[in-house]
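Worksheet: the structure to be examined is printed underneath.
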Amino acid sequence: MPELPEVEVVRRGLDRWITGRTVATVDVLHPRAVRRHDGGALAFEADLTGCTITAVERRGKYLWLVLDGGESGALVAHLGMSGQLLVVEAQRNDDPHLRVRIGWAPGRTPQRELRFVDQRTFGGLFLEPLVVEPALGRTVPASVAHIAPDPFEPGFDRLAVAKNIRRKRTGLKRALLDQTVVSGIGNIYADEALWRARQHFARRTESLTSPQIAEVLDHATEVMSAALTQGGTSFDALYVDVNGSSGYFSRSLNAYGQEGEPCPRCGRFIVREAFMNRSSFRCPSCQRRPRVPHG
DNA sequence: AAGAACTCCTGGATGC
DNA sequence: TGCATCCAGGAGTTCT
């Protein structure tokens with residue numbers, strides 16, 4: 001559920017609250033939360049303790065805290081389906097699905113701490129070295145190197161990505177969700193972008209021109225930008241910013257989750273269909289099924 | 001080797 | 001009321 005706008009809201013909150021702080025204590029309450037860390041929970045606790053957060057960066061849905069200017073690598077975070085990074089007063093009661101607690105060296109009062117809370121445990125935290133991407137000149141964690149730039153990165157070339165998608169010869173939504181092609185787009189914003197572009201999710205990419213695909217990418221960028229100004233999309237308490245507040249973009253959705261509601265453009269009822277083991281929402285009039293389907 | 005299938009997980013909603 | 005089943009889905013891994 002957290003896609004690019006939601007992760008960016010969290011990144012901004014973390015940047016404001018924890019940049020410059022030094023880790024004093026690390027407490028892993030559920031080993032699965034650090035399953036991607038080399039060496040497991042004990043190594044995670046030992047490796048992170050003593051590090052200072054010098055920056056908070058993001059690519060797509062991946063977020064990372066630069067440690068000691070990069071000298072100690074980065075603490076990578078992926079929120080998965082239900083992950084939350086919360087900055088809360090240390091004395092507050094533990095959250096029901098608290099997985100990792102990170103305490104700071106004493107500083108401002110009240111004393112706060114960083115908590116990773118994750119109901120469905122698809123998300124996780126892990127430390128990794130940073131690597132330089134030759135093509136872009138950007139420094140990213142090793143496991144983020146295979147993730148393509150998101151539309152808000154300086155290295156994002158919309159026409160080059162469009163040409164790449166066209167060459168993939170696959171279904172349009174499948175391409176939008178492929179994080180190695182363009183990152184940050186998940187099920188919600190893919191459906192919203194397709195609705196805005198009046199395209200069907202199964203439309204073959206090779207049947208579109210590169211400028212047409214670039215337009216779909218522009219719609220995705222615009223809808224994510226609009227969501228960001230609303231604090232992201234929240235359907236329940238599962239997605240929140242670092243202070244626990246929900247975003248408001250769910251009220252602006254035109255297609256996603258709108259089964260049985262009238263299309264805001266034409267009034268036909270939005271339908272839900274299974275695609276790629278997940279729900280896809282579309283207007284049956286504005287987004288007609290292509291004659292050569294699937295992909 | 002690209003792409004489909006499978007897997008991880010919990011709790012709220014739904015069905016009988 | 002209570003128990004069983006379904007469903008949400010990102011991304012790494014395995015299979016074809």
Side-chain angles (χ1 to χ4, degrees), chain A residues 1-8 10-11 28-38 40-41 58-64 76-85 94-100 116-126 128 140-150 164-194 201-202 204-206 220 224 232-240 246 250 253 255-260 271-281 293-295:
Chain A
M1 186 130 47
E3 304 178 28
L4 188 153
E6 293 76 34
V7 177
E8 175 60 16
V10 173
R11 190 202 67 78
V28 175
L29 290 89
H30 195 311
R32 188 174 147 76
V34 296
R35 65 193 178 284
R36 293 180 71 181
H37 184 79
D38 196 13
R58 182 191 57 73
R59 161 172 288 176
K61 305 169 195 171
Y62 276 88
L63 182 70
W64 64 93
V76 186
H78 198 293
L79 302 178
M81 282 295 299
S82 56
Q84 305 172 353
L85 283 165
D94 284 0
D95 311 71
H97 305 291
L98 178 63
R99 309 304 187 194
V100 180
F116 180 65
V117 176
D118 190 9
Q119 179 199 103
R120 295 177 198 166
T121 70
F122 276 30
L125 306 180
F126 53 100
E128 263 191 345
V140 302
S143 67
V144 179
H146 75 288
I147 300 293
D150 67 55
N164 192 15
I165 288 175
R166 189 168 192 279
R167 270 197 304 272
K168 285 252 166 194
R169 306 175 65 85
T170 185
L172 187 53
K173 184 171 178 180
R174 190 182 296 280
L176 292 177
L177 292 174
D178 186 342
Q179 304 297 300
T180 68
V181 174
V182 51
S183 69
I185 304 171
N187 204 35
I188 297 172
Y189 297 112
D191 277 6
E192 290 300 305
L194 290 168
F201 56 77
R204 298 291 303 184
T205 59
E206 69 270 25
M224 289 195 291
T233 301
S234 309
F235 296 110
D236 48 38
L238 277 188
Y239 163 70
V240 292
S246 295
S250 61
L253 295 174
Y256 184 86
Q258 307 302 305
E259 182 182 20
V271 297
R272 176 169 67 152
E273 291 158 319
F275 178 69
M276 288 177 73
N277 272 335
R278 63 192 68 194
S279 290
S280 282
F281 298 88
H294 284 114

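No hydrogens, no waters, no symmetry mates; every other heavy atom, side chains included, goes into these values. Every chain is numbered from 1 and lettered A, B, ... according to where its sequence line falls, protein lines coming before strand lines.
The separation between A/L63 atom CG and C/dA11 atom P is 13 Å, rounded to whole Å. Taking atom CG on A/N187 and atom P on C/dA11, their separation rounds to 12 Å, with Å as the unit. Going from atom CZ of A/R35 over to atom C1' of C/dG12 covers 9 Å, rounded to whole Å. For the pair A/K168 NZ and B/dA1 C1', the computed distance is 11 Å after rounding to whole Å. Atom-to-atom, CD of A/E206 to P of B/dG3 comes out at 11 Å; the value is rounded to the nearest Å. A straight line from CZ of A/R174 to P of B/dA5 spans 8 Å, rounded to a whole angstrom. Regarding A/L125, its CG atom lies at a distance of 15 Å from the P atom of C/dA11, rounded to whole Å. For the pair A/Q84 CD and B/dC9 C1', the computed distance is 15 Å after rounding to whole Å.
Contact annotation: A/S279 reaches the phosphate of C/dA8 (side-chain N/O to OP1 or OP2, under 4.0 Å). Remark: A/Y62 is in phosphate contact with C/dG12, judged by side-chain N or O atoms under 4.0 Å from OP1 or OP2. A sub-4.0 Å separation between OP1 or OP2 of C/dG12 and a side-chain N or O of A/H146 is present. OP1 and OP2 of C/dC7 both lie 4.0 Å or more from every side-chain N or O belonging to A/R278. Of the side-chain N and O atoms in A/H78, one or more sit less than 4.0 angstrom from OP1 or OP2 of C/dA11.
Put simply, the side chain of A/E128 never gets that close to the backbone of A/V76: no donor and acceptor are under 3.5 Å apart.
For A/F122, the side-chain atoms get nearest to B/dC8 when compared with the rest of C/dA8, B/dC8, C/dA11.
Note: A/D118 CG to A/D95 CG = 11.5 Å, rounded to the nearest 0.5 Å. Once rounded to the nearest 0.5 Å, the distance linking CD1 of A/I147 with NE2 of A/H78 reads 7.0 Å.
Within a 6.0 Å radius of CZ in A/R169, other residues, nucleotides and ligands contribute 12 heavy atoms or fewer. Other residues, nucleotides and ligands contribute more than 12 heavy atoms inside 6.0 Å of the CG atom of A/D94.
Looking at heavy-atom distances under 4.0 Å, A/R36 makes contact with sugar-phosphate atoms alone, never a base.
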Atom pairs under 3.5 Å: protein N/O with N/O of nucleotides 10-15 of chain B:
residue: B/dG11; atom: OP1; partner: A/H97; partner atom: NE2; Å: 3.2

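Checked options A/R59, A/K61, A/R58; the residue passing with A/E8 is A/R58 (criterion: salt bridge (charged side-chain N to carboxylate O under 4.0 Å, His left out)).
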List the steps and the verdict of side-chain contact (heavy atoms from CB on, under 4.5 Å) for A/R11 and A/W64.
-> CA-CA 9 Å; A/R11 190 202 67 78; A/W64 64 93; over 6 Å; no
